[in-house]
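Beneath this line is the structure, given in structure tokens, with notes to follow.
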Amino acid sequence: MLKNKRESHYKPRVVEKPKKFIDPNKKIIAIDFDGTIVRNNYPYIENPDERLIAWIKSHRDNYTFILWTCRHGKQLKYALDWLKEQGIE
């Protein structure tokens, strides 16, 4: 039995530990996917910014990159798979 009304809304979240730790000596850059890495009409992935992709690849030793996106579910998986195909993980 619930002790108060607030308990009915509480749902604990399970947070997984990151597989790779962020290097504290590197600066972090968050890059948006739709409209930045790809210039597209969501949910399609088309018109990649080749210069930005090349820049990310050439600076991966100096920075930690975070994918900033509102994609979720299958659309997020498609974006992550596409980035892997481009050589960005």
Side-chain angles (χ1 to χ4, degrees):
M1 182 165 196
L2 298 174
K3 293 181 182 176
N4 60 46
K5 290 181 182 179
R6 294 179 111 186
E7 287 185 36
S8 64
H9 299 288
Y10 176 73
K11 294 182 181 176
R13 288 180 49 198
V14 176
V15 179
E16 294 181 25
K17 291 183 180 179
K19 294 178 183 175
K20 296 180 182 177
F21 294 98
I22 295 176
D23 185 345
N25 299 316
K26 292 183 180 180
K27 292 189 178 192
I28 299 171
I29 298 176
I31 301 178
D32 189 32
F33 186 76
D34 294 294
T36 305
I37 295 176
V38 292
R39 294 182 212 109
N40 61 335
N41 185 14
Y42 176 85
Y44 306 105
I45 299 175
E46 55 193 17
N47 301 321
D49 186 336
E50 300 293 342
R51 287 178 45 198
L52 177 58
I53 292 169
W55 187 87
I56 292 169
K57 288 179 184 179
S58 67
H59 288 80
R60 68 176 80 185
D61 292 336
N62 304 324
Y63 299 96
T64 297
F65 293 99
I66 296 174
L67 179 64
W68 188 271
T69 185
C70 290
R71 288 179 178 249
H72 64 279
K74 288 182 182 178
Q75 294 301 324
L76 176 59
K77 182 177 178 346
Y78 296 152
L80 293 172
D81 290 345
W82 185 86
L83 287 168
K84 285 180 184 178
E85 289 173 10
Q86 306 305 309
I88 301 172
E89 290 190 55

Hey, mind stepping through Val38 and Gln86 against side-chain contact (heavy atoms from CB on, under 4.5 Å) and telling me if it holds? CA-CA 12 Å; Val38 292; Gln86 306 305 309; over 6 Å; no
For the pair Leu67 and Ile88, evaluate side-chain contact (heavy atoms from CB on, under 4.5 Å) and give the outcome as yes or no after the intermediate values. CA-CA 10 Å; Leu67 179 64; Ile88 301 172; over 6 Å; no
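When all heavy atoms are compared, the tightest approach of Arg71 to Phe33 is NE-CD2, 3.6 Å. When all heavy atoms of Arg60 and Lys26 are compared, the pair lying nearest together is O-NZ, 3.4 Å. Between Pro48 and Ile53 the shortest heavy-atom distance is CB-CD1, 3.8 Å.
Lys27 places a side-chain heavy atom less than 4.5 Å from the side chain of Tyr63. A heavy-atom distance below 4.5 Å is found between the side chains of Leu52 and Ile31.
Within a 6.0 Å sphere centred on NZ of Lys77, heavy atoms belonging to other residues, nucleotides or ligands number 12 at most.
Hydrophobic clustering of Ile, Leu, Val, Met, Phe, Trp and Tyr side chains at less than 4.5 Å, counting indirect connections, unites Leu76 with Tyr78. Criterion: ILVMFWY side-chain heavy atoms under 4.5 Å apart, direct or through other members. Under it, Trp68 and Ile45 are not part of a common hydrophobic cluster.
Taking the six-membered ring for Trp and thresholds of 30 and 60 degrees, His59 and Trp55 have nearly parallel ring planes, at less than 30 degrees apart.
The list of side-chain hydrogen bond (donor to acceptor under 3.5 Å, both in side chains) pairs with a residue in residues 43-54, not counting sequence neighbours, reads Arg39-Asp49.
In this structure, Ile56 CD1 and Ile37 CD1 are separated by 4.5 Å, a value rounded to the nearest 0.5 Å.
Take Pro43 and apply the side chain to side chain contact (heavy atoms under 4.5 Å, CB included) test, not counting sequence neighbours, and it matches Gln75.
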